[in-house]
S.K.: 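There's a structure below that I have some questions on.
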Amino acid sequence: QVRLVESGGGLVQAGASLNLSCAASGRIYVNDFVAWFRQAPGKAREFVGTIRWSDGTASYTDSVKGRFTISRDSTKHTVNLQMNTVTPEDTAVYYCSTGVPYAGRRSSNYPYWGQGTQVTVSS
């Protein structure tokens, strides 16, 4: 069993930066990936990016490439999502997830989820 807790959300203006954190506890496997998803009101949950615990290999969806960066601190079992130059289109509840040894881009790939943290970007 794995427990994930997100933090760092809030209200920011367009163009600002925000850093989200995901703290993991429980049975964590070094070759597993941690993914970030987001869900805007009335929309499906959307893949943002993913990172592998063991070596930090990360991948992103096209809409955030060059603006968002995922990093991990293996000793603290935390994964961060650094969001730069945010736009109102980034407004959503952001979730972290884990539990598979591959970089899945579907929410159904992941068995473990946090409760989410709200990010609101004003124009």
S.K.: Would Thr91 and Gln118 satisfy side chain to side chain contact (heavy atoms under 4.5 Å, CB included), going step by step from the backbone distance to the final call?
M.R.: CA-CA 8 Å; Thr91 295; Gln118 175 71 48; 4.1 Å; yes
S.K.: Please enumerate all residues that pass salt bridge (Lys or Arg N to Asp or Glu O under 4.0 Å) together with Arg45, with sequence neighbours excluded.
M.R.: none
S.K.: Could you walk me through whether Phe47 and Asn109 pass side chain to side chain contact (heavy atoms under 4.5 Å, CB included), step by step?
M.R.: CA-CA 11 Å; Phe47 171 79; Asn109 292 146; over 6 Å; no
S.K.: Once you round to the nearest 0.5 Å, how far does CG of Leu18 lie from CG of Leu11?
M.R.: 10.0 Å
S.K.: Are Val121 and Val48 connected in a single hydrophobic cluster, I mean Ile/Leu/Val/Met/Phe/Trp/Tyr linked by side-chain heavy atoms less than 4.5 Å apart?
M.R.: yes
S.K.: Is it the case that one hydrophobic cluster holds both Ile51 and Trp53, taking links as side-chain heavy atoms less than 4.5 Å apart, direct or via other members?
M.R.: yes
S.K.: Could you give the side-chain donor-acceptor pairs of residues 24-37 under 3.5 Å, partners two or more places apart or in another chain?
M.R.:
none

S.K.: So which heavy atom on Gly99 is nearest to which on Tyr112, and how close?
M.R.: CA-CD1, 3.9 Å
S.K.: What pairs of residues pass the disulfide (SG to SG under 2.5 Å) test when at least one of them lies in residues 80-123, not counting sequence neighbours?
M.R.: Cys22-Cys96
S.K.: Could you check Val100 against Tyr110 for side chain to side chain contact (heavy atoms under 4.5 Å, CB included), going step by step and ending with a plain yes or no?
M.R.: CA-CA 6 Å; Val100 293; Tyr110 296 88; 3.5 Å; yes
S.K.: Do the non-hydrogen side-chain atoms of Arg67 and Asp90 ever get within less than 4.5 Å of each other?
M.R.: yes
S.K.: What disulfide (SG to SG under 2.5 Å) pairs are there with at least one residue in residues 49-94, not counting sequence neighbours?
M.R.: none
S.K.: So if you build clusters from Ile, Leu, Val, Met, Phe, Trp, Tyr with side-chain heavy-atom gaps below 4.5 Å, do Val119 and Tyr60 land together?
M.R.: yes
S.K.: Let me confirm one number: the CZ-NE2 distance from Arg3 to His77, rounded to the nearest 0.5 Å.
M.R.: 15.0 Å
S.K.: Can you name the residues that form a salt bridge (Lys or Arg N to Asp or Glu O under 4.0 Å) with Asp73, not counting sequence neighbours?
M.R.: none
S.K.: Looking only at non-hydrogen atoms, find the nearest pair between Ala14 and Ser123 and report the distance.
M.R.: CB-CA, 4.4 Å
S.K.: Should we count CD of Gln115 as having more than 12 external heavy atoms under 6.0 Å?
M.R.: yes
S.K.: Has Arg52 got a side-chain atom pairing as donor or acceptor with Thr57's backbone, closer than 3.5 angstrom?
M.R.: no
S.K.: Determine whether Leu20 and Glu6 make a side-chain contact, defined as any pair of heavy atoms from C-beta on separated by less than 4.5 Å.
M.R.: no
S.K.: Suppose the criterion is disulfide (SG to SG under 2.5 Å): which pairs have a residue in residues 24-87, not counting sequence neighbours?
M.R.: none
S.K.: Over all heavy atoms of both residues, which pair between Arg38 and Ser63 is shortest? Give the atoms and the distance, please.
M.R.: NH2-OG, 3.6 Å
S.K.: Of all the heavy-atom pairs spanning Thr117 and Gly9, show the shortest one and how long it is.
M.R.: OG1-N, 3.1 Å
S.K.: Indicate the ring-plane relationship of Tyr94 and Phe68, choosing parallel, tilted or perpendicular according to the 30° and 60° boundaries.
M.R.: tilted
S.K.: Can you tell me how far CZ of Arg72 sits from CG of Asn80, rounded to the nearest 0.5 angstrom?
M.R.: 11.5 Å
S.K.: Go through the steps to decide whether Ile70 and Thr50 satisfy the test side chain to side chain contact (heavy atoms under 4.5 Å, CB included), and finish with yes or no.
M.R.: CA-CA 7 Å; Ile70 300 175; Thr50 186; 5.6 Å; no
S.K.: Given 3.5 Å as the limit, does a donor-acceptor pair link the side chain of Thr69 with the main chain of Gln82, or not?
M.R.: no
